[in-house]
Enquirer: 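Before I ask anything, here is the structure I am working with.
Counting from 1, the numbers follow the sequence of the chain as shown.
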Amino acid sequence: MSHNSSSLGRPTSGKRRLKDLLVQRDNRVCADCGSPDPKWASANIGVFICLKCCGVHRSLGTHISKVLSVTLDEWSDDEVDSMIEVGGNASANSIYEAYIPDGVSKPGPDASHEVRSKFIRSKYEHQEFLKPSLRIHSTSSSTKHSLQASLSRKIMDSFRSSGSSEKSVGMVEFIGMLKIKVIKGVNLAIRDMLSSDPYVVLTLGQQKAQTTVVKSNLNPVWNEELMLSVPQNYGPIKLQVYDYDTFSSDDIMGEAEIDIQSMITSATAFGDIGMFGNMQIGKWLKSHDNALIEDSTVNIVDGKVKQAVSLKLQNVESGDIHLELEWIPLDQ
């Protein structure tokens with residue numbers, strides 16, 4: 001464990017402590033490819049990573065790597081403590097890259113997605129470079145999550161003492177990320193006796209993200225921000241609302257699709273958004289074949305590309321969902 005973290009005590013805020021850790025020399029480059037100025041982190045592994053590597057980490061699942069933005073996401077004290085306990089990229093890599101065999105090289109900042117993905121999966125999911133005493137040899141899908149938790153504990157013990165089978169996600173290049181703020185639901189359907197316990201699930205390709213459950217509320221307010229990596233060949237985001245049930249399968253409460261083409265096309269066409277003032281740059285039009293309640297405009301707002309979206313849930317008796325999308329390009 002790095003001794004540089006000793007000055008990062010609890011009295012200051014979590015964001016301050018995290019930024020103090022980020023400015024350490026070894027944390028100024030991505031732990032996996034060496035790209036400068038990483039803005040993302042794996043909170044449970046304890047490394048700072050770039051956006052391109054972040055996309056691969058997300059595909060591993062949160063049981064292996066829980067990805068958070070250093071600047072955009074809210075961090076719990078436990079998550080910050082975990083990062084500080086590891087001590088940074090050099091300390092983590094001394095464990096995860098302890099035994100890199102001859103003929104295997106770390107990817108560079110300009111590495112292809114295939115090369116980047118192969119190395120990151122070998123490093124964290126398959127544990128091919130770990131010390132032999134830390135490796136997990138079983139790959140049974142029924143025990144993978146518990147084994148991974150055991151591995152995490154063993155690795156954390158290793159830091160302290162020092163001071164599922166693979167799922168294919170397709171070898172695709174990520175072109176950016178979407179931050180989706182799930183604001184609220186209105187007049188949602190009843191699925192229990194008098195109310196429902198709704199939550200929202202967003203799906204893009206094989207990625208999923210979901211909100212928390214709001215108990216007994218047909219007009220829930222979430223105001224939760226979810227993140228999805230956007231592949232080069234992207235399709236619409238599938239939105240589903242479910243009613244949480246303790247003793248049976250969760251009931252569907254409607255669904256809708258979010259067409260993100262207008263946002264991404266507009267943002268790409270304008271290039272460096274920071275050069276422009278607040279203005280409308282695109283629009284997703286309401287039509288009979290989409291779930292929009294009204295036209296949805298794409299706007300530059302304070303140097304960011306944002307889009308407010310209001311959807312009428314489909315295949316259900318009632319319910320609207322209100323969202324705000326924000327486009328985050330690769331170079332941010």
Side-chain angles (χ1 to χ4, degrees), residues 42-44 57-69 72-79 82 141-149 152 164 167 169 177-229 235-260 290-293 308-326:
S42 172
N44 51 345
H57 274 255
R58 285 185 180 278
S59 73
L60 301 178
T62 55
H63 64 289
I64 294 177
S65 182
K66 181 179 181 181
V67 177
L68 294 172
S69 167
L72 300 175
D73 288 325
E74 290 298 322
W75 288 63
S76 69
D77 284 338
D78 287 343
E79 288 165 343
S82 179
S141 59
S142 63
T143 60
K144 191 67 175 177
H145 284 217
S146 60
L147 287 171
Q148 187 67 36
S152 298
S164 137
K167 296 181 180 178
V169 296
M177 300 193 73
L178 278 174
K179 178 168 70 172
I180 303 169
K181 185 176 184 179
V182 182
I183 300 172
K184 64 180 181 179
V186 177
N187 193 29
L188 299 184
I190 296 174
R191 287 294 179 267
D192 297 328
M193 291 293 292
L194 298 173
S195 189
S196 296
D197 304 324
Y199 65 95
V200 175
V201 177
L202 301 175
T203 304
L204 180 60
Q206 296 192 35
Q207 302 171 77
K208 285 184 181 291
Q210 73 177 58
T211 66
T212 56
V213 176
V214 178
K215 291 289 187 179
S216 301
N217 199 324
L218 300 181
N219 296 282
V221 175
W222 284 285
N223 283 324
E224 292 184 27
E225 293 176 346
L226 306 177
M227 301 291 293
L228 291 171
S229 301
I237 296 172
K238 185 175 183 180
L239 179 149
Q240 295 170 299
V241 182
Y242 287 92
D243 169 50
Y244 176 78
D245 287 316
T246 304
F247 302 109
S248 62
S249 299
D250 294 351
D251 299 317
I252 188 74
M253 297 174 61
E255 58 191 355
E257 286 192 344
I258 306 169
D259 187 345
I260 58 177
N290 64 41
L292 281 177
I293 295 174
V309 177
S310 296
L311 300 169
K312 175 69 67 177
L313 293 173
Q314 307 295 294
N315 304 316
V316 69
E317 56 268 31
S318 65
D320 305 339
I321 293 291
H322 298 268
L323 314 163
E324 183 184 71
L325 280 58
E326 180 182 334

Enquirer: Quick one: pull up CD1 in Ile258 and CG in Asn290 and give me the separation to the nearest 0.5 Å.
Expert: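 Reported value, rounded in 0.5 Å steps: 11.5 Å.
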
Enquirer: Got a second to check how far Leu68's CG is from His57's NE2, nearest 0.5 Å?
Expert: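 Separation between the atoms: 12.5 Å.
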
Enquirer: In terms of heavy-atom contacts, does CD of Gln314 have more than 12 from other residues, nucleotides or ligands at under 6.0 Å?
Expert: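 Yes, enclosed.
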
Enquirer: Please find the pair of heavy atoms, one from Leu218 and one from Leu194, that lie closest to each other, and give the distance.
Expert: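 Leu218 and Leu194 have their closest heavy atoms at CD1-O, 4.3 Å.
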
Enquirer: From Leu202 CG over to Leu204 CG, what is the distance, rounded to the nearest 0.5 angstrom?
Expert: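 Output value for this atom pair is 9.5 Å.
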
Enquirer: For the side chain of Asp197 and the backbone of Ser216, is there at least one donor-acceptor N/O pair under 3.5 Å apart?
Expert: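 Judged by distance alone, yes, a pair lies under 3.5 Å.
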
Enquirer: Given 3.5 Å as the limit, does a donor-acceptor pair link the side chain of Asp320 with the main chain of Asn187, or not?
Expert: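 Between the backbone of Asn187 and the side chain of Asp320 there is no qualifying donor-acceptor contact (under 3.5 Å).
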
Enquirer: Can you give me the closest heavy-atom contact between Ala209 and Met227, atom names plus distance?
Expert: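 Looking at all heavy atoms of both residues, the shortest contact is CB-O, 4.3 Å.
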
Enquirer: At their closest point, which heavy atom of Arg191 faces which heavy atom of Asp243, and how far apart are they?
Expert: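 Minimum heavy-atom contact is CB-OD2, 3.5 Å.
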
Enquirer: Grab the two heavy atoms, one from Ile252 and one from Gln240, that are nearest each other, plus how far apart they are.
Expert: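 Looking at all heavy atoms of both residues, the closest pair is CD1-CB, 4.0 Å.
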
Enquirer: Heavy atoms only: give me the nearest Tyr199-Trp222 pair and the separation to one decimal.
Expert: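 Looks like CA-CZ2, 3.8 Å.
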
Enquirer: What's the spacing between Ile260 CD1 and Ile180 CD1 if we round to 0.5 Å?
Expert: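 So the CD1 of Ile260 and the CD1 of Ile180 are separated by 7.5 Å.
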
Enquirer: Are there over 12 heavy-atom neighbours, none belonging to Lys184, within less than 6.0 Å of that residue's NZ?
Expert: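 No - once you tally the heavy atoms of other residues, nucleotides and ligands closer than 6.0 Å, there are 12 at most.
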
Enquirer: Between Leu323 and Ile183, which heavy-atom pair has the shortest distance, and what is it?
Expert: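 Heavy atoms only, the tightest pair is C-CD1, 3.9 Å.
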
